Amino acid sequence: MVDRSKRSRLMQQFIFVGPTSLFFFVIVLIPFFLGLYYSFTSWNGISQHTSWAGLRNYLHIFTKDPSFLNSFWFTAKFTLFGLVLTNLLGFTLAYVLTRKLFTRNVLRTVFFVPHVIGGLLLGFIWQFIFVRGFASLGAATGWSFFNLPWLGTESTAFWAVVIVFVWQNAGYLMVIYISAINNVPKGLLEASKVDGAGRLQSLMNVTIPLVMPAVTVCLFLSISWSFKVFDLNLALTKGGPFKATESVALNIYNEAYTISRFGMGSAKAIIFFIIVAVISMLQVRATKKREVEL
Amino acid sequence: MDTTAKKWNLPKLLVELLCILLALVFLVPFYFLLANSLKTYGAILSDSAALPAALQWSNYREAWNATGFPHAFVNSLVVTVVSNLLLAFLCSMCAYKMVRNNSLYNRILYVALVAAMVIPFQAIMIPLVQVVSGLGFMNSTAGLILAYLGFGAPMTVFLFHGFVKSVPIDLEEASKVDGTSPYGTFFRIVLPLMQPIIVTVIILNTLWIWNDYLMPSLILQDPALRTIPIAVYTFFGQYTKQWDLALPGLVLGITPVVIFFLAMQKYIIEGIAQGSVKG
Amino acid sequence: MMRRTSGWLLTAALLPALLLSGCGRSGGNEDGVTTVHIYQFKVEIAEALSAMKAEFEKEHPEIRLDIQTVGGGTDYGASLRAKFSSGDEPDIFTIGGNNERDMWLEYLEDLSGESWAGDVKPLAAEQMTVDGKLYGMPMNLEGYGFIYNKELFQQAGITEKPLTLSALREAAQKLQDAGITPFANGYQEWFVLGNHNVNVAFAQQPDPVAFIAGLTDGSKTFAADPVFDQWVDLLDLTVEYGNPNPLSTDYNTQVTMLASGEAAMMQQGNWTQGQLDGIDPDLNLGILPMPIDDTAEDNDKLYVGVPSNWVINKNSPVKEEAKVFLDWMVTSDTGKRYITKEFQFIPALDSIEGTEEDLGLLGAEVLAYTDKDQALSWNWSRLPNGMPNELSSSIQGYLGGKLTKEGMLKEFQKNWDNLSVQ
């Protein structure tokens, strides 16, 4: 009896978790471990012959390559601003658009629709706007905002990438927040109204605590988008000017394909991965603890 | 009480106007996209902010022909639909089991999936191609779908995982008492409850797969298999970007997704409404 | 314990099924027709290339060409590597010279014995030659300098071509006085700075190859080099008399500024002809050299090189057919016609003639300079991989006021030391 139920549980695990595990192993993990192997070689990505490099790539990254650290710094800063602004805007839009506005449905679509243009093309269009569109607008309006060399200085280029990121993703987070806000039981809101709470108080005391699961999801989504940001920088600034907008992903790509040090690029990817894995492990542990306490 | 909310008042009108203003700002890139897609090449470069002087509908015709649009559309559709259905189906099962069965394997898998969400694709694309070709899947739609299943799994499982945690276990236990099998419980009780998140996941994955360029460019070589982004990218050269063809190509490419979203919007709201019954 | 291993068991169980269900690529040879797979990045010629393919197949019914063009401009190198990694190797592909030639050398077929090999212009042959053997067919020649608008020069009262740095400064001043922007600088683009602009300082060295070797072995430095010192003067001049915000001006904007008559000069090459014609086909244009000092005869030169080469994969089972195609392209009348008239390429072979009518004003001028032996070399393909991007980034730092001149040269050195380690 015990044996049978154990077997059936195994079978369930096999059927439910197996296929996804399989695809994940084959498509992500195996290439990842191949990459780990390459990170200890001096392979250039082309040759059929390669030589073992031991820890040389890792040493080189830490001693001779300031650009990698620099790209980490950009990515961290970008993640911070991108995360906060995207979520703030997304939540505000969701909060406003769950009220009974006349143009509510149209507005939801409009704010979401930037998310449908993907990758490089989006970068190309915005490059077009920053370079040519803003110049035309500046000439027409005389506002100095439009006449800034948007992609030409380090600080403005940083904000240009942030602006496009927020523009692209805020609407998506909005959709998630709308679904969470709609899920807040009406009864609770009415009860708080009866208690004499104002709109702001209801928001702070009822709505926000109840949408926290959605906040977690949205934070995670925006972190993973901003950590991996690649297409946007490549098309918009190519990481320039003076490396001010080079993300880690772009740095790794350049190392592997422009500089043709595939082994070195793999080593960078591994370092990046380890840092991220540690962060997410800590996060999982923290959530676990909270769940236990609850 | 609630009826007052439906009436017009000044603060609400102001909020509405503010939103509309912001929406217009959000639409500026689309103005550039549409206006310039109807200009001659010279006009795009010399006067990109203005409305087109004469509408060059021929741009669309040329882009349609040069991309082999109907063909590329079907390819994109097949890849997107099949990958989406499989991802939603397999990953919801996986996430459900991972939440309900807190074994060591499942916990390790969860951490691995979460960590994998931030691996930049570019960092492992060459080994990935080696694996896909080792399996004999190069240059086939099946290979591309396989790659999306693997790469989509982390994010998809993550989203489902977060949602399942909030699904109360009582219903499942009741159904178990009634003698329903674990599979029946999942498909008849849990899956319907997951509808809102399934909609979210499908939108997210559709947008990603529909617009993705790098993965199909690596896996598909046969021109007959190419998807819309690959077709549009042939307008971007080393120096010259054929904007007069690329922009209409881009408009053609995103139109199906916009229509998809507009059509889905009703459904999303419905899904959310059903979800809130549960709440 | 058991549960933990179940996932791995599953993987082991399903993997063979997955392996079996995969479908292989069909072979190259069907019904006595051999297929040659070609992989190239030049989107600009994709359409003409497929028209040419049709003509070739008509003349050679036993060979079928399968041409794949990779768009986007940025990902060709990555996807070519991926193609080789996957074992799905093309028979003919395109690569750059020097460093790229060396990286791919183990895959390259020796083409020294081909009938056309002797006709390749020396300047073009050199970048694909190792130990006297030729490993590729140069696709075309390209050249750059300051493209200028002759009418605007006349309007500003400039009667003579400025061939020295001082003369260029005078001309720029005259243009500015006449209300014309002298230079349109597209310094947002890394290749404008990191390939073309800084190449002036390498190409003006007495022996560029030795200079580059010296940088790597430490016997030369950027800071101590007189030519680099002079080159900065030219860079400064273009900015002093250039458009506002050069660092946020991209290639398209730069070309448009010249084509619309807003600016009188831009540092670009003959590849801009098509775009310029697209905006205003009646422009009267020429190319000026890029002088770095005041000796006219050293400076009256354009920078000419080969952007890309056709190469044959030596492991290809159909390399003889691939050779037939390359041979046909540069020896048959049809092939030659496509190169000059359809691709509008400046031919890299002496056996193909290019006229002004086919190549446009700019192409004809580059060809004339080349044939008069007044061409200096392209050196970015000799620098450590990735160096042009770093050079460009440091120059941007200098132009943006972030680095001093000395700081920029120091930055050059630091990046060189990082990147010359393979």
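On a predicted model such as this, the values are computed, not experimentally measured, just so you know. Every chain is numbered from 1, with letters handed out A, B, ... down the list of sequences.
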Give, as side chain, backbone, both or neither, the part of [X] having an atom under 4.5 angstrom from any heavy atom of chain A.
{"X": "Y148(B)", "value": "neither"}
{"X": "L90(B)", "value": "both"}
{"X": "I20(B)", "value": "both"}
{"X": "F32(B)", "value": "side chain"}
{"X": "F260(B)", "value": "neither"}
{"X": "A50(B)", "value": "neither"}
{"X": "L207(B)", "value": "side chain"}
{"X": "L113(B)", "value": "both"}
{"X": "V157(B)", "value": "side chain"}
{"X": "I44(B)", "value": "both"}
{"X": "L159(B)", "value": "side chain"}
{"X": "N36(B)", "value": "side chain"}
{"X": "L128(B)", "value": "both"}

Quiz item: Any donor and acceptor pair, going by atom type alone, linking the side chain of E16(B) with main-chain N or O of F102(A) inside 3.5 Å?
Solution: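 Looks like yes, one N/O pair under 3.5 Å.
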Quiz prompt | Main-chain N/O of F14(A) paired to K97(B) side chain as donor or acceptor, under 3.5 Å | solution =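 Checked: no pair found.
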pair [X]-[Y]: side-chain heavy atoms closer than 4.5 Å:
{"X": "N101(B)", "Y": "V17(A)", "value": "no"}
{"X": "F23(A)", "Y": "L86(B)", "value": "no"}
{"X": "L109(B)", "Y": "F24(A)", "value": "yes"}
{"X": "W43(A)", "Y": "I126(B)", "value": "yes"}
{"X": "T20(A)", "Y": "M93(B)", "value": "no"}

With a 4.5 Å cut-off on heavy-atom pairs, point out which of [options] contacts chain A the most.
{"options": "P182(B), C19(B), A95(B), P29(B)", "answer": "P29(B)"}
{"options": "T156(B), L149(B), V257(B)", "answer": "L149(B)"}
{"options": "A153(B), A147(B), G253(B)", "answer": "A147(B)"}
{"options": "L24(B), L33(B), L204(B)", "answer": "L204(B)"}

Part of [X] lying under 4.5 Å from any heavy atom of chain B:
{"X": "F273(A)", "value": "side chain"}
{"X": "Y172(A)", "value": "side chain"}
{"X": "L210(A)", "value": "neither"}
{"X": "V96(A)", "value": "side chain"}
{"X": "F272(A)", "value": "side chain"}
{"X": "F33(A)", "value": "neither"}

Practice problem: Work out which heavy atom in P31(A) is nearest to a heavy atom in P127(B); give both atom names and the distance. | Solution: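 Closest heavy-atom pair between P31(A) and P127(B): O-CB, 3.4 Å.
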Quiz prompt | Interatomic distance, I270(A) atom CD1 to I124(B) atom CD1 [nearest 0.5 angstrom] | solution =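 Interatomic distance, I270(A) CD1 to I124(B) CD1, rounded to 0.5 Å: 9.5 Å.
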Quiz item: Do the ring centers of Y183(B) and F16(A) come within less than 6.0 Å of each other?
Solution: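 Yes, the ring of Y183(B) comes within the 6.0 Å limit of the ring of F16(A), centre to centre.
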Quiz item: Pick from W225(A), Y257(A), Y38(A): which one has the most heavy-atom pairs with chain B under 4.5 Å?
Solution: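 With the most close heavy-atom pairs to chain B, the winner is Y257(A).
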Exercise. Output the option from I129(A), L250(A), L34(A), I223(A) having the highest count of non-hydrogen pairs under 4.5 Å with chain B.
Key: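 Highest number of pairs under 4.5 Å: I129(A).
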Practice problem: Mind checking side-chain contact (heavy atoms from CB on, under 4.5 Å) for L18(B) and listing every partner two or more places apart, or none if nothing turns up? | Solution: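 Per chain and number, L18(B) pairs via side-chain contact (heavy atoms from CB on, under 4.5 Å) with no residue.
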Quiz item: side-chain contact (heavy atoms from CB on, under 4.5 Å) with F26(B): which residues, sequence neighbours excluded?
Solution: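 For F26(B), the residues satisfying side-chain contact (heavy atoms from CB on, under 4.5 Å) (neighbours in sequence not counted) are L89(A), V110(A), F111(A), P114(A), W167(A), L22(B).
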Self-check item: Derivation and outcome, side-chain contact (heavy atoms from CB on, under 4.5 Å), residues V132(B) and I27(A)
Solution: CA-CA 8 Å; V132(B) 172; I27(A) 297 300; 4.3 Å; yes
